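Presented below is the structure to which this report refers.
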Amino acid sequence: MDRSDIKGTFIVFEGLDGCGKTTQAQLLADFFAGQGAEYVYVREPGGTPVGDKLRAILLDPETVLTKWGEVLLLAAARAQLVQDIILPALTRGKTVICDRYLFSSVAYQGYGLEQDVELVKRVNLEAVQGLMPDMTFYLEVSVQTGLARQQKVRRLDRIERRDSGFFSRVVRGYEKMISEYNFIRLDGTAEPQVIHRQVVDNVTKKMKKGERG
Ligand code: TYD
């Protein structure tokens with residue numbers, strides 16, 4: 001992939017289940033729509049015909065899958081999403097808002113499932129042709145807050161049913177990545193509109209800087 005073909009801005013939201021990233025990704029999408037800006041909103045796993053099938057397998061509580069089976073199915077869904085949706089949008093100059101990206105695999109499968117973190121990173125980087133986001137928002141909530149919020153809205157999926165030890169490792173993984181990948185860390189327990197204003201401030205600043213080149 002030639003980085004100079006990429007004209008759009010790639011924005012990712014990350015965090016625990018129930019951290020509010022989907023709400024924020026959607027509020028940001030509405031903000032771009034209001035501005036008449038061209039954007040694409042995608043969520044992981046999924047977003048392509050094959051990715052949606054893989055999502056159904058991955059989240060079905062009945063699915064029996066090895067740990068590396070899980071890593072690889074997630075990476076396969078991600079590879080398709082990047083190739084078919086994200087890269088074409090970015091090369092056309094559109095902004096891409098992505099609800100989860102490869103950091104979720106590093107946190108959940110690498111740290112959470114205690115697999116080789118460097119290998120999870122390598123496999124995923126290969127799958128996405130090296131494409132990394134311009135900005136990653138990390139919404140911080142405690143494991144208890146996140147899962148309690150999630151449980152209020154619907155039944156927990158296969159991955160959300162894991163024990164609290166798993167989620168504590170996921171949080172530790174995200175915390176390690178904050179400085180490594182320059183995450184913009186926001187308090188996920190604040191009011192959605194307050195968080196949204198912080199997101200918009202950061203995005204606007206970044207895009208202005210990009211224009212100045
Ligand atoms: P999530 O986006 O939280 O789904 P929803 O919008 O339905 O809440 O993702 C679903 C689950 O998949 C969630 O528990 C996190 C998990 N997941 C991983 O474990 N690794 C990954 O790489 C991705 C993308 C998601």
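What you see is a predicted model; the values in this text were computed from it and never measured. Indexing begins at 1, ligand by ligand and atom by atom, following the structure's order.
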N/O to N/O under 3.5 Å, ligand 1 against protein:
residue, atom, partner, partner atom, Å
ligand 1, 2 (O), K21, NZ, 3.4
ligand 1, 2 (O), R100, NE, 3.2
ligand 1, 3 (O), D17, OD1, 3.3
ligand 1, 3 (O), R100, NE, 3.2
ligand 1, 3 (O), R100, NH2, 3.2
ligand 1, 4 (O), R55, NH2, 3.4
ligand 1, 7 (O), R55, NH2, 3.0
ligand 1, 7 (O), R154, NH2, 3.2
ligand 1, 8 (O), Q150, NE2, 3.2
ligand 1, 8 (O), R154, NH2, 2.9
ligand 1, 9 (O), R100, NE, 3.4
ligand 1, 14 (O), D17, OD1, 2.7
ligand 1, 14 (O), D17, OD2, 3.3
ligand 1, 19 (O), Q109, NE2, 2.8
ligand 1, 20 (N), Q109, OE1, 2.8
ligand 1, 22 (O), R78, NH2, 2.8
ligand 1, 22 (O), S105, N, 3.2
ligand 1, 22 (O), S105, OG, 2.6

No-hydrogen, no-angle side-chain donor-acceptor test under 3.5 Å, E38 and T95: no
Considering only NZ, NE, NH1 and NH2 on the basic side and carboxylate oxygens on the acidic side, decide whether E44 and K21 come within less than 4.0 Å.
no
Q80 meets the side-chain contact (heavy atoms from CB on, under 4.5 Å) criterion, sequence neighbours left out, with T48, V50, D84
So side-chain hydrogen bond (donor to acceptor under 3.5 Å, both in side chains) across residues 49-65, not counting sequence neighbours, yields none
- Query: Just checking, any donor-acceptor pair under 3.5 angstrom between side chains of R185 and Y174?
  - Reply: no
Residue pairs passing the ring pair (Phe, Tyr, Trp, His ring centres under 6.0 Å) test with at least one member in residues 3-50, sequence neighbours excluded, are F10-Y101, F13-F137
